[in-house]
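Everything on this sheet refers to the single structure shown next.
Letters go in sequence order (proteins before strands), and every chain restarts at 1.
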Amino acid sequence: MEGTVRVRFAPSPTGFLHIGGLRTALYNYLFARHFKSGTFILRIEDTDQSRYVEGAEEDIIQSLEWCGMEIDESPFHRGDYGPYRQSERKEIYHSYAEKLIESDHAYYAFDTPDELDQMRERLQKSGNPSPKYDAVTRQSMKNSLTLPRDEVEKRLDAGDEYVVRLKVPRRETVRFEDIIRGHVSFETKGLDDQVLLKSDGMPTYHLANVVDDHEMKITHVIRGEEWLSSTPKHILLYNAFGWDVPEMAHLPLIMSPSGGKLSKRKAEEEGIPINTKEYIKQNYEPEALVNFLAYLGWSPGDDSEIHSLDELCELFTLDRVSKGGAVFNHKKLLWYNEHYLREQPDGVLAERIKKVAADKDHVDLPDDEHLKKAISLLKDRVSKIEEILEMGDFFFKDPEAYDEKALKKWKSDSAALVKEYRESIQSLDEENFEAVSLKSNLEEVINKNDVGFGKLMMPLRIAVTGQGFGPDLFASMELLGKETVIKRINKTLEKLG
RNA sequence: GCCGCGUUCGUCUAGGGGUUUAGGACGCCGCCCUUUCACGGCGGUAACACGGGUUCAAAUCCCGUACGCGGUACCA
């Protein structure tokens with residue numbers, strides 16, 4: 001198997017890449033890279049022209065790249081099996097559809113949507129709860145199996161609208177082995193004569209998918225569980241063409257915390273970003289998303305939790321993917337995010353913060369040295385990089401308001417204590433305005449007044465930061481500098497007396 | 001409705017006949033550290049859906065039931 005593995009991620013560009021799609025892509029990627037020279041292909045399945053969304057293709061590529069996945073073949077990467085966009089492969093599907101008709105595995109059907117509705121209605125009325133266009137009903141419909149040969153020719157020549165349908169055998173059992181689920185079987189009587197070629201000339205997913213997977217020499221089909229029930233149709237197609245069926249692996253679905261497949265609507269209700277784009281915009285750490293997603297439905301079998309993309313490639317195997325749906329746990333994602341955030345050197349974070357700040361029109365960042373120090377004080381307290389800006393706001397500008405909860409700690413004797421502390425640090429010059437001195441000065445004041453540490457520390461924190469929580473106060477003051485600290489204390493004294 | 005797939009702590013999972021008083025992680029709770037909030041460290045809470053088999057022995061194998069999810073289109 002080594003060296004010959006070829007897998008594809010095949011999204012339809014009907015919107016931005018969502019988190020479930022991203023995980024499918026990730027598992028395909030991990031599987032491909034697990035083998036030395038596996039190939040990871042991106043194929044665009046744009047056969048539904050009415051749902052095409054402008055910019056979706058670019059979004060998919062950007063999302064994958066943001067996560068660190070390298071694409072080997074795609075419409076934007078050279079490959080020997082293109083084109084990689086299904087809308088550009090129409091002729092291929094047509095010629096294969098014709099082969100199917102010639103070998104009596106498919107047929108032309110001329111029924112209008114209205115006629116199909118009527119058929120279903122009629123069958124429902126006569127007690128059939130799930131009407132199908134199948135081996136029985138096709139005998140009473142307008143198709144090349146029931147119409148005289150010359151009328152079929154005439155209709156085709158006249159340019160009448162038609163579809164090509166798969167001639168599903170009446171009574172057969174389709175069996176296949178799924179790498180994740182094991183033995184799976186379906187009866188063909190539950191299937192209908194699937195449309196292969198639509199009346200607009202485009203293939204349906206089923207035809208295009210099978211033809212492309214074969215033409216592109218895909219060895220393993222790794223996709224979401226929602227495809228499991230259409231797999232027998234695909235098997236039938238492979239058999240009709242006389243092709244080998246690739247290995248199949250159907251992934252468990254990602255579920256919403258409230259139950260059901262994680263949909264856009266549900267995700268939004270529960271505060272979970274649904275599109276990869278949103279994770280990028282909200283400045284999540286890509287390593288965190290990747291690590292989290294990899295573990296959503298898979299585990300390496302030991303107690304490890306943290307792995308880079310490269311490590312995941314090494315560890316990943318399909319037989320360790322779980323079968324049941326996995327609920328998206330946003331808090332665990334944040335935990336991963338915190339982990340990868342803290343791992344980064346302050347200098348790297350500083351450069352990134354500058355970009356984040358620019359995006360948010362955040363001004364007044366201090367110089368690099370100060371910024372780095374501020375980051376090192378803040379990064380252990382936030383979940384996402386952008387929160388450094390929020391929590392550390394006081395490093396960048398004077399507090400405009402005081403946190404209400406914190407204000408409760410400003411007692412009647414606070415002003416006097418803060419005043420006394422201000423006097424004591426006035427004597428420190430800029431160079432000696434350091435955390436240790438600032439702390440010992442505070443200790444002197446509280447000892448003299450015989451009060452607890454917090455009695456002065458909290459009001460002082462409010463004065464300097466406007467908040468009731470945050471990084472080490474003395475280190476923060478040192479970073480802010482004497483002038484700023486004194487200025488803020490004065491201003492607070494004025495305001496709160 | 002029918003067809004298919006699934007079901008171990010609240011969540012993600014390990015475990016796949018005896019190694020299990022069912023392990024880890026997130027969360028939650030408590031303690032320690034501490035000037036606050038965090039980080040960190042330590043500890044705790046909490047699960048084999050149910051009922052029948054098979055077996056000396058079942059979370060693990062089989063069969064049912066329940067529940068969940070997916071599919072049932074000229075959408076993917």
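Across A25(B) and A14(B), the matching P atoms stand 15 Å from one another, rounded to whole Å. Going from the C1' atom of U7(B) to that of A59(B) covers 12 Å, rounded to whole Å. Comparing the P positions of G41(B) and C5(B) gives an interatomic distance of 44 Å, to the nearest angstrom. Taking the P atoms as reference points, U65(B) lies 24 Å from G71(B), given to the whole Å. Between U13(B) and A22(B), the two C1' atoms lie 13 Å apart (nearest whole Å). Atom P of G40(B) sits at a distance of 9 Å from the matching atom of C26(B), rounded to the whole Å. Taking the P atoms as reference points, U8(B) lies 11 Å from C50(B), given to the whole Å. Taking atom C1' on both nucleotides, G27(B) is separated from C61(B) by 35 Å, rounded to a whole Å.
At a threshold of 4.0 Å, the pair Glu387(A)-Lys379(A) does not count as salt-bridged, since none of the basic side-chain nitrogens sits closer than that to a carboxylate oxygen. Between Arg155(A) and Asp160(A) there is a salt bridge, with a side-chain nitrogen of the basic residue lying less than 4.0 Å from a carboxylate oxygen of the acidic one. Comment: Lys189(A) does not engage Glu172(A) in a salt bridge, judged by the lack of any side-chain N to carboxylate O separation of less than 4.0 angstrom. Under 4.0 Å is where a charged nitrogen must lie from a carboxylate oxygen, and between Glu187(A) and Arg171(A) no such pair does. For Lys277(A) and Asp59(A), the salt-bridge test fails: no basic side-chain N is under 4.0 Å from an acidic carboxylate O. A salt bridge links Asp213(A) with Arg8(A); the closest basic N to acidic carboxylate O contact falls under 4.0 Å.
One atom, CE of Met457(A), and another, C1' of U35(B), lie 3 Å apart when rounded to the nearest Å. In this structure, Ile306(A) places its CD1 atom 13 Å from C1' of C12(B), rounding to the nearest Å. Taking atom CG of residue Asn209(A) and atom C1' of nucleotide A76(B), one finds them 10 Å apart after rounding to whole Å. Atom CG of Leu333(A) and atom C1' of A25(B) are 14 Å apart (whole Å). Distance CD1 (Ile446(A)) to C1' (U36(B)): 14 Å, rounded to an integer number of Å. One interatomic measurement links the two molecules: CG of Leu334(A) to P of C28(B), which rounds to 11 Å at whole-angstrom precision. Atom C1' of nucleotide U11(B) and atom OH of Tyr336(A) are separated by 13 Å, given to the nearest angstrom. Atom CG in Leu289(A) sits about 16 Å away from atom C1' in C26(B), given to the nearest Å.
With hydrogens and angles left out, the side-chain atoms of Tyr205(A) and Asp48(A) include no donor and acceptor closer than 3.5 Å. Between the side chains of Arg175(A) and His183(A), no donor N or O sits under 3.5 Å from an acceptor N or O. Judged by distance alone, the side chains of Asn283(A) and Glu386(A) do bring a donor and an acceptor atom under 3.5 Å apart.
Across all strands, Arg181(A) comes closer than 4.0 Å only to sugar-phosphate atoms, never to a base (heavy-atom distances). Within 4.0 Å (heavy atoms only), Asn329(A) reaches at least one base atom of the nucleic acid. Nucleic acid contact class of Gly297(A) (heavy atoms, under 4.0 Å, all strands): sugar-phosphate only. At a threshold of 4.0 angstrom between heavy atoms, the contacts of Arg223(A) with the nucleic acid are absent. Using a 4.0 Å heavy-atom cutoff across all strands shown, Ser50(A) reaches no nucleic acid atom at all. At a threshold of 4.0 angstrom between heavy atoms, the contacts of Phe328(A) with the nucleic acid are absent. In this structure, Gly470(A) reaches the bases: a heavy-atom distance under 4.0 Å links it to at least one base atom across the strands shown. Within 4.0 Å of Glu305(A), counting heavy atoms only, lies at least one base atom of the nucleic acid. Residue contacts for Pro252(A): at a heavy-atom cut-off of 4.0 Å it reaches no nucleic acid atom on any strand shown.
Anti is the classification of C9(B), since its glycosidic angle lies more than 90° from 0.
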Show the distances under 3.5 angstrom between N or O atoms of the protein and N or O atoms of nucleotides 39-43 of chain B.
none

Between the protein and nucleotides 67-74 of chain B, list the N/O to N/O atom pairs that are separated by less than 3.5 angstrom.
unit_1, atom_1, unit_2, atom_2, d
G70(B), OP1, Lys261(A), N, 3.3
G71(B), O4', Ser229(A), OG, 3.3
C74(B), O2, Ser199(A), N, 2.7
C74(B), O2, Ser199(A), OG, 2.8
C74(B), N3, Ser199(A), OG, 3.1
C74(B), N4, Asp111(A), O, 3.1

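Of all nucleotides present, only G70(B) satisfies the Watson-Crick or G-U wobble test against C3(B), with each distance under 3.5 Å. As the counterpart of U65(B), A49(B) is assigned, both hydrogen-bonding distances of the Watson-Crick or G-U wobble pattern falling under 3.5 Å. With both pairing distances under 3.5 Å, G17(B) is matched to nothing as a Watson-Crick or G-U wobble pair. Under the Watson-Crick and G-U wobble criteria, each requiring two contacts below 3.5 Å, nucleotide A22(B) is left unpaired. Across all strands shown, A59(B) remains unpaired; no Watson-Crick or G-U wobble contact has both distances below 3.5 Å. U35(B) is unpaired under the criterion used here, namely a Watson-Crick or G-U wobble arrangement in which both key atom distances are under 3.5 Å. A 3.5 Å limit on both hydrogen-bonding distances identifies G44(B) as the Watson-Crick or G-U partner of C28(B).
With the nearest nucleotide of RNA chain B identified for both Leu473(A) and His183(A), His183(A) has the one nearer the 5' end. The residue among Arg320(A) and Val382(A) whose nearest nucleotide of RNA chain B lies closer to the 5′ end is Arg320(A).
For the pair Arg165(A) and Tyr108(A), the NZ or CZ position fails the cation-pi test of under 6.0 Å to the six-membered ring centre and within 45 degrees of the ring normal. The side-chain tip of Arg23(A) points at the ring of Tyr27(A) from less than 6.0 angstrom away and within 45° of straight on.
Taking the centre of each ring, Tyr238(A) and His214(A) stay at or above the 6.0 Å mark.
Listed candidates were G24(B), U35(B), U13(B). Nearest to the side chain of Ser322(A) is U13(B). Among A76(B), U36(B), A14(B), the nucleotide with an atom closest to any side-chain atom of Arg51(A) is A76(B). In this structure, of A76(B), G1(B), C37(B), it is A76(B) that holds the atom nearest to the side chain of Glu45(A). Between U13(B), G4(B), U35(B), one nucleotide has an atom nearer to the side chain of Val184(A) than all others, and that is G4(B).
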Contacts under 3.5 angstrom, residues 320-327 of chain A side chains, donor-acceptor by atom type, not counting sequence neighbours:
unit_1, atom_1, unit_2, atom_2, d
Arg320(A), NE, Ser299(A), O, 2.9
Arg320(A), NE, Pro300(A), O, 3.4
Ser322(A), OG, Gly297(A), O, 3.1

